[in-house]
Amino acid sequence: MSAEQQHRDGQAADPGPRSLAQALRERDDASLGALLRSRPDLLHPVPTDVTQLATRAGTRASVLRALEHLDRFALQAAEALAVAPDPASYQELLDLLAGDDGDEEVAGALPATVALLRERALVWGGEDRLRLVRTARELLAPSASHSSPTGLGPSVAEATSGMSPGRIQAILTAAGLPHTHDTVSAVAALSGLFADRERVAELLEGAPEASREVLTRLVWGPPYGQVTAEPAAHLRWLLDRGLLLPTTPGTVVLPREAALSLRGGRAHRVPEPTRPRVAVAAERKPQVVDAAAGGQALAALDTVEELLRSWDEGGPAVLRAGGLSIRDLKRTATVLEVPEPVAAFWVELAYAAGLIASDGGYVEEHHDRHDRPDADAEGYEDEETRDARTRRRSGEAEHYAPTPEYDAWRDLPPAERWAWLLEAWLPGTRAPGLIGGRDGRDRTLSALGPGLDRSPAPEVRRRVLELMAGLEPGQAPDPATLLERLRWERPLRSAGPRREQPEPPRTGVRPAYGGGVAANDPEALRTKLTEWALLEAEMLGVTGRGALATHGRALLGAEGRSEGAGAGTAAAGSPRAAVVAALLAPLLPEPLDHVLLQADLTAVAPGPLVRPLAEALGVLADVESKGGATVYRFTPGSVRRALDAGRSATELHAFLDRHSRTPVPQPLTYLIDDVARRHGLLRVGAASSYVRCDDESVLDEILADRRATALRLRRLAPTVVAAQADPRTLIEGLRAMGFAPAAESAEGDVMIARPHAHRTPPRTPPAPVPDGPPAPDATLLTAAVRAVRAGDRAATAPRKETPQAPGGLPRTSPADTLATVQAAAMTGESVWIGHVNAEGAASQRLLAPLRVEGGYVTGYDHTADEVRTYALHRITGVAELADEPDGAEPAR
């Protein structure tokens, strides 16, 4: 027995419900809950009864959202119903999708698809009276200005609605049909002719070849064409026989019945009942994939740390419209040694993770305090730092800077830091790939700026990972087939009805990060989001060599951060973060506590270093290259930087000796001693500025140097030279001349130049922009179904006629109200009451009184489906329920 025969046999022969509300009312609680789960927008707020639920399910916004979440075949079924008679039988729908020749795949998939459309309240009615919700029909049916998404135009009756009776009779005569006495029968005869495949074929046997070519071009849509006031002979032949009917001046259309006959009864060129298969592009060992992903995860952590370290003392300024300037993004890309679009991704990821934010013009400075004999209890702060603090607090500048969460993040183990980033990436709605493009107002989209949120992004991102997880471990998907699968699952995205068009040839997807997408092109956006998801997953180490890693699969398992939780809370406590971190940890190398010193004044770190060593070495040496091993180079400037930070030559020698697995080379020892010997020999302080040196010959050398002319030096004493330049400029000028000056405080002590870590006030990460209401949980669904059922019982309960107050509330005297309520409590009957609460809001309640005492009535409120107590003085009146007809069940 065929699938469609089983479907017909399983359906009742009666015509079914007469309205969508009745169809919903006849559902059981599980089916009603499935509707609310698939269309969560119907729950906000919870409908008071089934009638309100049906009304809300038929609104344009809700129907369009429901259509957006249909797969391609379900959407094709809805499109076919939109051009079918209203109502249509199941067999008529099957014929439209399978055509005259039939299609076993369509016949096998259609019963489940019709059940899906019924579950989502887009289709209702019995087996022989399937009805598409009116709003969905309006969205998907053809009109005078556009065709159906199937490419079909209006029917003969719709196209001839404004045509004169004489013209219709002339068409009948030219088509070989007998004359009729009224327009209705003439239109019916013409419709019957075009719906008959054999008669249409006979009619076209005598058509000119050019006429048949015109029909071939119009048959699969769009069915509209343009004609002149004096059409050519082959067009006149079609117009005379009604195969082309005028719609507007100069525009003609191929009638729907004729197009279906020429198509062989198919509503769509290519029905797609089966989901496309994701092909495998390459297959690798799972261990190789995990190792590659682990290395990429470590590189991602290094990149984010380098970004935050470069902004540690205060990052770029915030543009007036928000975001980073192009110049600052280029500088950041140079620091990270990556292309600008990739740098924008890392900046956006750190922002989404709550690690960077705008300081808002008022920031708190975190300074390293050092035990110095001349420092007071509050620590030392030079004039420049005080000026910067004053400027920021006065609101003169707003900058991006790390947040306090950054300090907590960098103290976590590497695997947990990575999980923190992933907790921000997976649900994030900001699309960094849009940076550099234009918004709807032709404004450039900037990193960290407004306009980057795209609500489909997390859905696409998660679905890409789910499809990759559906392959065997180690298998890398073909991007083209992955994209085609996503297009099948979500063919319609907020751009109005989809038009049937031939698919363009595809030679494969070539992902490219960044570049922007047209603001009004949802299909192009979805394609780009898919490509970006693949690239971002590879950059983050979720995938390795194109295949999903083991820790990447764990991202789709346990739940992530709860609603409203910050990124730090999520990373520290969510089950998903803990599982992912545990799986990734073995793939990351253990941090090292040593380096290899070489005779060419370099140090090689053969892996990641423990944080104290990495920070100290970053001050003492410059990073020369990165990769599997990091190469540091020692220079006079880097050694002087370490001395400026308060380290002595003895401490530097001890530090290198302690952390080097190789002997400290003599050239490095000589370099440190030589720089230390000269360091601080000159002292620069603030007068405008001055230079002080106990060795008079050094000052003589400076004054004799032509390069000192710009500093405008003047000798005040044998050991003191004054300058008109500020201390910073003077220090830089002397260092350019080959000297090693040190700044000194007002007390004459050497100032230790250590960076001041700049932090924003506590900030919460940006909240994702949801794509509609969140999916309801089981508790909310159960409560909502109970409330709808209770409200429906209350709304449909009959009542006796009684005087009414304004607003339809029953009105009775206080004595009658008390007597009626007491009688209902004694007999166990339910009554209607009108109630006004303390805020003045009026409502009608179906109440079964249980107890009346102390001026209050307590009973079971069928409207709220719970026991409630009401003050008698707030009850406007009472109405008894009407007598139930024989066999009817009273409301309880």
Side-chain angles (χ1 to χ4, degrees), residues 40-41 44 61 64-65 68-69 318-326 329 340-358 360 400 403 421-465 486 490 492-495 513-537 539-540 560-567 570 763-775:
D41 57 294
H44 300 277
L64 187 56
R65 181 177 293 277
E68 287 178 354
H69 287 79
V318 181
L319 293 175
R320 185 180 300 243
L324 285 180
S325 67
I326 297 176
L329 182 59
E340 291 173 33
V342 178
F345 166 70
W346 294 118
V347 170
E348 284 286 342
L349 179 64
Y351 174 64
L355 302 179
I356 59 174
S358 165
Y400 289 106
T403 65
L421 298 178
L422 265 292
E423 286 293 310
W425 173 73
L426 192 61
T429 56
R430 290 179 67 83
L434 295 171
I435 294 169
R438 298 276 179 174
D439 62 9
R441 299 181 180 179
D442 200 35
R443 296 175 300 189
T444 301
L445 295 170
S446 59
L448 302 181
L452 293 180
D453 284 290
R454 297 295 183 270
S455 55
E459 178 196 351
V460 172
R461 201 176 290 130
R462 172 172 282 276
R463 191 59 188 143
V464 166
L465 297 183
L486 290 174
R490 289 290 185 271
L492 186 65
R493 293 298 305 183
S494 299
Y513 203 77
V517 179
N520 58 349
D521 192 346
E523 179 64 22
L525 173 64
R526 196 168 187 83
T527 300
K528 283 296 186 182
L529 287 174
T530 303
E531 297 173 4
W532 296 337
L534 290 170
L535 287 169
E536 291 169 2
M539 288 191 293
L540 283 167
R561 62 178 168 187
S562 59
E563 199 70 26
R763 303 289 193 201
T764 56
V769 178
D771 186 17

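Values in this document were obtained by computation on a predicted structure and should not be read as measured data. Note: hydrogens, waters and symmetry copies are ignored here, and every other heavy atom, side chains too, is used.
- Two residues are said to be in side-chain contact when any heavy atoms from C-beta on lie closer than 4.5 Å; Ser446 and Leu324 fail this criterion.
- Salt-bridge formation is not detected for the pair Glu459/Arg454: no Lys NZ or Arg NE/NH1/NH2 atom is positioned less than 4.0 Å from an Asp or Glu carboxylate oxygen.
- In this structure, Leu421 and Ala353 approach most closely via the heavy-atom pair CD2-CB, 4.1 Å.
- One finds the CZ atom of Phe345 at 4.5 Å from the CE atom of Met539 (value rounded to the nearest 0.5 Å).
- By the side chain to side chain donor-acceptor pair (under 3.5 Å) test, Thr764 pairs with no residue at all, sequence neighbours left out.
- Not counting sequence neighbours, the partners of Arg441 by the side chain to side chain contact (heavy atoms under 4.5 Å, CB included) test are Asp439, Arg443.
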Which pairs would a plain distance check flag for residues 429-436, meaning a side-chain donor or acceptor within less than 3.5 Å of a matching protein atom at least two apart in sequence or in another chain?
unit_1: Thr429; atom_1: OG1; unit_2: Asp453; atom_2: OD1; d: 2.7
unit_1: Thr429; atom_1: OG1; unit_2: Val769; atom_2: N; d: 2.9
unit_1: Arg430; atom_1: NE; unit_2: Glu348; atom_2: OE1; d: 2.6
unit_1: Arg430; atom_1: NH1; unit_2: Gly449; atom_2: O; d: 3.4
unit_1: Arg430; atom_1: NH2; unit_2: Glu348; atom_2: OE1; d: 3.4
unit_1: Arg430; atom_1: NH2; unit_2: Glu348; atom_2: OE2; d: 2.9
unit_1: Arg430; atom_1: NH2; unit_2: Gly449; atom_2: O; d: 2.8

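- The side chain to side chain contact (heavy atoms under 4.5 Å, CB included) check on Pro450 picks up nothing, with sequence neighbours excluded.
- Using a 4.5 Å cut-off on side-chain heavy atoms (C-beta onward), Leu426 and Leu465 make contact.
- Annotation: salt bridge (Lys or Arg N to Asp or Glu O under 4.0 Å) contacts of Arg463 (sequence neighbours excluded): Glu466, Glu489.
- Side-chain contact between Leu540 and Trp346 is present, with at least one heavy-atom pair separated by less than 4.5 Å.
- Counting heavy atoms from C-beta on, the side chains of Glu68 and Arg490 never come closer than 4.5 Å.
- Under a 4.0 Å N-O distance rule, the pair Lys528/Glu531 qualifies as a salt bridge.
- Taking OH of Tyr351 as the start and OG1 of Thr403 as the end, the distance is 11.5 Å to the nearest 0.5 Å.
- Looking at heavy atoms from C-beta onward, Tyr400 lies out of side-chain contact with Ile356 at the 4.5 angstrom threshold.
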